[in-house]
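Shown next, in structure tokens, is the structure this report addresses.
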Amino acid sequence: MKTRNELHQIREEKKKELDLRVNTKSDTREKHILVCHGTGCTSSKSPQILDEFKRILKEKKIENVKVIKTGCFGLCAKGPIVIIRPEDTFYAMVNPEDCEEIIQTHIIEGKRLERLLAKDIDGTKVNSLDDLNFYKKQKRIALKNCGIINPEEIDEYLAMEGYLAFEKVLTEMTQEEVIEEIKKSGIRGRGGAGFPTGIKWELTKQAEEKQKYVVCNADEGDPGAFMDRSILEGDPHSVLEAMAIAAYCIGANKGYIYVRAEYPIAVKRLQIAINQAREYGILGQHIFDTDFDFDIEIRLGAGAFVCGEETALLESIEGKRGQPRVKPPYPANSGLWGKPTLINNVETYANIAQIILKGSDWYASIGTEKSKGTKVFALGGNVNNIGLVEVPMGTTLREIVFEIGGGIPNGREFKAAQTGGPSGGCIPKEHLDTPIDYESLKEIGSMMGSGGLIVMDDTKCMVSLAKFYLEFTVSESCGKCTPCRIGTKRMLEILERLCRGEGTEMDLYKLEKLASNIQKASICGLGQSAPNPVISTLKYFREEFKEHAIEKKCRALECKAMSKIMIQEEKCKGCGLCQKSCPVNAIEGEAREKRIINQEKCIKCGTCLVSCPFKAIGN
């Protein structure tokens, strides 16, 4: 256990080392090689890269260079990523075989290794991380330490003002003062519908029970979402600190982090962080020489999407089957084992310490009138810069997709973006300038959700997309209530008929009627929001649904039962790229001649559609 004075001493000593990672103008001969160890880069051999750097430095007896394991830098499309500080040089798509050359050229000779420098979307090489357009419009609060500190070293978190907010709360503020600060900040829950965080804390504090619990919902189940995972992998102590602050506010002495077992790196780093916090006396009894006791345990989820719903999560922690409870009572009054329980998700907690340290006015100055602060998005799909972004609330979809995301690959056109995963909706191109905040998304039939943002180009079929999300929902329904269990299945059957070319115009009416009934009658928020992807695609892409139902045609050529891929003679330039890309040699024609597709051989895979630069291939 460390005393408060010992913790401050560790913090000050470590600050000198961390300064050169934050202040790129630091006057020092020491260098830090930062190697991303998020899930994406880890799967692309970043552990081997880190080991290789260490081996080479030891072999060459170079002592003024440290190799640091970090969390995700955000720009997953460029991974594995290596950053050398203090000069802030950004090397992209590094392989273990490149380590020797990086050490020789950059460390020994003092020159940048040009061939590995990251390139922006226009092909220009950039010398530092901040020169990339991907980062210019971002503002990092929840992700502020990710990519900078070693997530497995508590001393590095301390050096970045870690646990100062917790210490301030315990020694200088009352429970009511902390809750009022959270309320004034305007922060809303980052995991779903956006309930005001401060009010949730206040309601739980007011519950008249001695035993209370704090829970972190880290059951991130939306397809394509990896925001919470990256925070837990890159900055786990920020979540522990916020949970401890929340526990003090509501009068809890026990916390649980419910995390997906499919996140092994996050689970490992969380447990390391908990063990370190206990060792330093930041978790346990008489924290910071006060009467406050608090400890945290991890509970692993088994991959059930429904356990992202707060009451189903509580059932799972208690060892029961993960199914939603009927509300009221709400968890603030009757949660874990019937006791008052506060539940927030990872990203919500990751903002709390900064609000306490910098003040509610600072936080409330970011974002929009009703949606304060920033939002982390997992940007994926048909976009050049796939990765993790954090932007102020109110940033438009156009800015995220085209300025931060770098636009659509292969010269294709933007068609839609799906926000909120299976619970959200599609945003078409006419709403590209919509500010991304809770109210604006709701107005156009979508929702913030946890922050998955999937971009789709003009090769995507919206009927097939709606079917994809319904397949997921049907598979993940807990089956407790009839509207969700049976209603979503009936909706899926209609979409399957439409994609097979067997649907009718009446099916569109049936879809809307079923969707309305499911929204009204399902027990939990997941069931109530399950029809959202269908409702929004029907609203904005109704012509595509009509084409499937009436003309038996799929304009995107994804629904193979109705697809007949043709080369338009007037647009074909005879370049032969489609012929080279065809996996079954179904495209015929000689060099510099217009090509044709042999329909008997064609398997309707769509490869030619993507490879044609002149958009000469279609129905």
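Between the side chain of S440 and the backbone N or O of I436 there is no donor-acceptor pair closer than 3.5 Å. Side chain of E177 to backbone of T174: a donor-acceptor contact under 3.5 angstrom is found. Between the side chain of N385 and the backbone N or O of I404 there is at least one donor-acceptor pair closer than 3.5 Å. At least one donor-acceptor pair under 3.5 Å links the side chain of K200 to the backbone N or O of I343. Judged by distance alone, the side chain of E241 and the main-chain N or O of F166 form a donor-acceptor pair under 3.5 Å. The backbone N or O of I182 sits less than 3.5 Å from a side-chain atom of S185, completing a donor-acceptor pair. In terms of modelled atom types and a separation under 3.5 Å, the side chain of R190 and the main chain of E347 share no donor-acceptor contact. A side-chain donor-acceptor contact under 3.5 Å links E220 to the backbone of D228.
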Inset, instruction - Determine, stepwise, if the pair D155 / Y280 fulfils side chain to side chain donor-acceptor pair (under 3.5 Å). - result: CA-CA 10 Å; D155 290 0; Y280 275 34; 2.7 Å; yes
Inset, instruction - Mind running side chain to side chain contact (heavy atoms under 4.5 Å, CB included) on S423 and L526 for me, showing each step along the way? - result: CA-CA 7 Å; S423 301; L526 295 183; 3.9 Å; yes
Legend entry - Check against side chain to side chain donor-acceptor pair (under 3.5 Å), T197 and T348: CA-CA 8 Å; T197 302; T348 308; 5.1 Å; no
Inset, instruction - Apply side chain to side chain donor-acceptor pair (under 3.5 Å) to the pair H32 and R85, showing each step before the final yes or no. - result: CA-CA 5 Å; H32 285 191; R85 293 265 168 94; over 6 Å; no
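Within the 4.5 Å cutoff, the side chain of T311 has heavy atoms near those of the P331 side chain. Residues P422 and D222 form a side-chain contact, since some pair of their non-hydrogen atoms from C-beta on lies under 4.5 Å apart.
Distance check: Y248 OH to K205 NZ gives 9.5 Å after rounding to the nearest 0.5 Å.
Counting only N and O atoms by type, the side chains of Q211 and N253 include a donor and acceptor under 3.5 Å apart. Checking E233 against T39 by side-chain atom types alone, a donor-acceptor pair falls below 3.5 Å.
Cation-pi geometry between K358 and W362 is met: the NZ or CZ atom falls under 6.0 Å from the ring centre, inside 45° of the normal.
Other residues, nucleotides and ligands place no more than 12 heavy atoms under 6.0 Å from the CZ atom of R321. Taking a 6.0 Å sphere around NZ of K45, one finds it holds 12 or fewer heavy atoms contributed by other residues, nucleotides or ligands. Sparse packing is recorded around CG of D291, with 12 or fewer heavy atoms of other residues, nucleotides or ligands lying under 6.0 Å away.
Here the closest heavy-atom approach between residue A246 and residue Y349 is recorded as CB-CE2, 4.3 Å.
Residues passing the side-chain contact (heavy atoms from CB on, under 4.5 Å) test with C41 are C36, S46, P80, sequence neighbours excluded.
Ring planes of Y163 and H237: perpendicular class, angle over 60° (limits at 30 and 60°).
A salt bridge between K69 and E153 is absent, with no side-chain N of the basic residue lying under 4.0 Å from a carboxylate O of the acidic one.
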